[in-house]
Number of protein chains: 2
Amino acid sequence: MADTSRAPRRRYGTRPTMKDVAARAGVGLKTVSRVVNGEPGVTDDTVRRVRDAIDALGFRRNDSARVLRKGRTASIGLVLEDLADPFYGPLSRAVEETARAHGALLIHGSSAEDPERERELVLALCARRVDGLIVVPASDDHRYLEPEIAAGVATVFVDRPPGRIEADVVLSDSFTGAREGVAHLIAHGHRRIGFIGDLPRIHTATERLRGYRAAMAAAGLETDEGWVSLGSTDPGRVRAAARSMLAGPAPVTALFTANNRVTVTVVRELGGRTRPVALVGFDDFELADLLDPAVTVIAQDAARLGRTAADRLFRRLDGVNTAPGTTRLPTRLIARGSGELPPA
Amino acid sequence: MADTSRAPRRRYGTRPTMKDVAARAGVGLKTVSRVVNGEPGVTDDTVRRVRDAIDALGFRRNDSARVLRKGRTASIGLVLEDLADPFYGPLSRAVEETARAHGALLIHGSSAEDPERERELVLALCARRVDGLIVVPASDDHRYLEPEIAAGVATVFVDRPPGRIEADVVLSDSFTGAREGVAHLIAHGHRRIGFIGDLPRIHTATERLRGYRAAMAAAGLETDEGWVSLGSTDPGRVRAAARSMLAGPAPVTALFTANNRVTVTVVRELGGRTRPVALVGFDDFELADLLDPAVTVIAQDAARLGRTAADRLFRRLDGVNTAPGTTRLPTRLIARGSGELPPA
DNA sequence: CTGAAAGCGCTTACAG
DNA sequence: CTGAAAGCGCTTACAG
């Protein structure tokens, strides 16, 4: 492809540099640097001359060069599952606000729940020399990050723990939340309760399943294996799972759904039925209170997850060097109606 | 703040460089560069020696240095209003996918609808020398971007046009969409229709208001000024506006809400009322079909907005140099019930 | 108060 | 097939 064929191709060489500013202002390079960075020790008159040259030339400092020299990039990377998932909106926003307060930019990417894609993205961010990383893991083996962490890339995992390395983690207490949600259904008279969750390799999915089993066991209830379904959040898969649990001679009378994507699909599936089925979902979601019945949920605070992870990261970047630790944030049961329906 | 007080402070000098790899492999710097970049003309044996050295040292190329030399950063900036707004989730995701297909990373920031914050963010991205920018404007004056665009930063505005500069823009057809939505209410017998919109300085707000007025005028209907309310999407403000239009001796019988934030708040306000009020909202939103009544909307395709803007940007980056243009994407009326209610 | 020199870690342009 | 030199645009460490 001939590059010469098209019109004025952008060229970075086109941009004025500090050297150009210095020449025009009739001062040394270092003086321009002082003015640009607001360092003291420059006469008012010199400052003015430099400023005039900057304006005349339309100079803007090239931070790529600055970064190379200074070591720090003042940017952090955020890798999560899917930018479009409403759960990650408030989380991202909270990370962004914290980064902003620290003067850092945010580089963002989605792993799409693909371990290889997570790895590529994370390593690309390391090559850009982000100061730190916040990662919602898709992979279950993060040993590939060891050299990066050793080289100084501060790393905090959020929503799920990393695999096979020690690092800071910020989680919601999925086990306790799920156990309480299922116990709530049991308290309302249910004995046959289904569990529909996410892929079994996702930590939150197995933790929530563990919570389900713990609640059932604590109440002395048997769990039929047909009542448990783990898999992708694809609506077809989830609807089939729900239909199967609700069919047959001894159908479940209540469902526990392990994340917001699953809950929304199950709400749609239940909408077409006459016999009421009780439902408690993990994760709150917009308009849950306006559905009929309104949906009882185990809410986690996505913004707080993000804020806590970012605070941890920037504390590390400020030089705090304690051992890596896990923070587990509490969940909250919000009873709205669907979880208080009696068994049919 | 003494820097010496804390434990092993990360130092970039710590990282191995190409020079270190070259020394260890017993080759020249340029040979390492060739291997790292997969350039041809290196013996298999030399490649192996270099690879071994890379692995032994845990070398990862510093892209900051590369960027400085090459000019291109292989990153683009995306500035929007609020990362946590569900409308921008699919848009961001679409931009990300396109960027990924072109090997570029995404630097993301929210303007929070603050013109000054937009400007700071955009200029910070320019200083990082992003190759291009996709911006949902909060400001109504983008002349500050002129020197950057002249210096070669490809720029595409999305969702709203820029102020006082010529540039590529990708929009939904807000005027036509709103006009059709209001005409739909009129077709179902309504004569007194309220309009609740966003801040008047936001282009989409005024375009949608224009659509409302056009539909009313086309039907020969008077518009009482008490039926129009523009302002922030703060729920208190929106609820008060709705209450006021629904009070008095000649209340409105239908409402047109000009974006998803406003619609959701109005749905809550109407939920507490006995007399049915018809509603059409601009923007589709999750679960709109499951509410009672299900909400009729003018849907825009947020993912397509993002994809179109990103395609345009990368075409520019590939050297296409046509005049800046505006793309207007169609909207789609989805009738679900709330917009088909007859006047009370 | 001011500036010349060296260097951050790569790639480019060239020579062998 | 391989490498030494120069340079990208800044900041650092120093000297005056």
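Computed over heavy atoms, backbone and side chain alike; hydrogens, waters and symmetry mates excluded. We name chains A, B, ... by the order of the sequence lines, and we start the count at 1 in each one. It should be emphasised that the depicted structure is a prediction, and the values quoted were computed from it without experimental measurement.
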Could you note down all residue pairs passing salt bridge (Lys or Arg N to Asp or Glu O under 4.0 Å) where residues 306-315 of chain A supplies at least one of them, sequence neighbours left out?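 For residues 306-315 of chain A, and leaving out neighbouring residues, the salt bridge (Lys or Arg N to Asp or Glu O under 4.0 Å) pairs sorted by first residue read A:D168-A:R312.
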Pairs involving residues 135-155 of chain A, ordered by first then second residue, that meet salt bridge (Lys or Arg N to Asp or Glu O under 4.0 Å) (sequence neighbours left out):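 For residues 135-155 of chain A, and leaving out neighbouring residues, the salt bridge (Lys or Arg N to Asp or Glu O under 4.0 Å) pairs sorted by first residue read A:D141-A:R143, A:E148-B:R15, A:E148-B:R60.
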Could you check how far [atom1] of [X] sits from [atom2] of [N], rounded to whole Å?
X: B:F59; N: C:dG9; atom1: CZ; atom2: C1'; result: 8 Å
X: B:R69; N: D:dC10; atom1: CZ; atom2: P; result: 15 Å
X: B:R129; N: D:dC10; atom1: CZ; atom2: C1'; result: 11 Å
X: A:R15; N: D:dG7; atom1: CZ; atom2: P; result: 23 Å
X: B:D63; N: C:dC10; atom1: CG; atom2: P; result: 9 Å
X: B:M18; N: C:dG9; atom1: CE; atom2: P; result: 12 Å
X: A:E39; N: D:dA13; atom1: CD; atom2: P; result: 12 Å
X: A:D44; N: C:dC1; atom1: CG; atom2: P; result: 9 Å

For B:D45, check salt bridge (Lys or Arg N to Asp or Glu O under 4.0 Å) against everything at least two apart and list the hits. B:R48, B:R49
Please list all pairs passing the ring-ring contact (aromatic ring centres under 6.0 Å, His included) test where one or both residues lie in residues 96-129 of chain B, with sequence neighbours left out.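 Pairs touching residues 96-129 of chain B that pass the test: A:H108-B:H108, B:H102-B:F314.
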Compare side-chain N and O positions of [X] against OP1 and OP2 of [N] and report whether any pair is under 4.0 Å apart.
X: A:R66; N: C:dC8; value: no
X: A:S33; N: D:dC10; value: no
X: A:K19; N: D:dG9; value: no
X: B:K70; N: C:dT12; value: yes

Can you give me the N/O atom pairs linking the protein to nucleotides 2-4 of chain C at distances under 3.5 Å, or say none if there are none?
unit_1: C:dT2; atom_1: OP1; unit_2: A:T43; atom_2: OG1; d: 2.8
unit_1: C:dT2; atom_1: OP1; unit_2: A:T46; atom_2: OG1; d: 2.6
unit_1: C:dT2; atom_1: OP2; unit_2: A:T43; atom_2: N; d: 3.0
unit_1: C:dT2; atom_1: OP2; unit_2: A:T43; atom_2: OG1; d: 3.3
unit_1: C:dT2; atom_1: O4; unit_2: A:R34; atom_2: NH2; d: 3.4
unit_1: C:dG3; atom_1: OP2; unit_2: A:G28; atom_2: N; d: 2.9
unit_1: C:dG3; atom_1: OP2; unit_2: A:T31; atom_2: OG1; d: 2.5
unit_1: C:dG3; atom_1: N7; unit_2: A:R34; atom_2: NH1; d: 3.2
unit_1: C:dG3; atom_1: O6; unit_2: A:R34; atom_2: NH2; d: 2.7

In dot-bracket notation, what is the pairing pattern of DNA chain C, taking Watson-Crick (N1-N3 plus N6-O4 or O6-N4) and G-U wobble (N1-O2 and O6-N3) contacts under 3.5 Å, with [ ] crossing and | for other strands? |||.||||||||.|||
Tell me if a side-chain donor or acceptor on B:S33 pairs with a main-chain N or O of B:L29 at a distance below 3.5 Å.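 Not at all, since once roles are kept as given, no pair shorter than 3.5 Å links the two residues.
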Is it the case that more than 12 heavy atoms not belonging to A:E39 sit under 6.0 Å from its CD atom? yes
Salt bridge A:R93-B:D82, side-chain N to carboxylate O under 4.0 Å: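 So A:R93 pairs with B:D82 through a salt bridge.
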Once you round to the nearest 0.5 Å, how far does OG of B:S139 lie from CZ of B:R160?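 One finds 11.0 Å between OG of B:S139 and CZ of B:R160.
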Checking salt bridge (charged side-chain N to carboxylate O under 4.0 Å, His left out) for the pair A:R316/A:D318: CA distance, chi angles, key distance, verdict? CA-CA 5 Å; A:R316 292 259 178 230; A:D318 285 344; over 6 Å; no
Which is true for A:N37 with a 4.0 Å heavy-atom rule: it touches a base, it touches only sugar-phosphate, or it touches nothing? sugar-phosphate
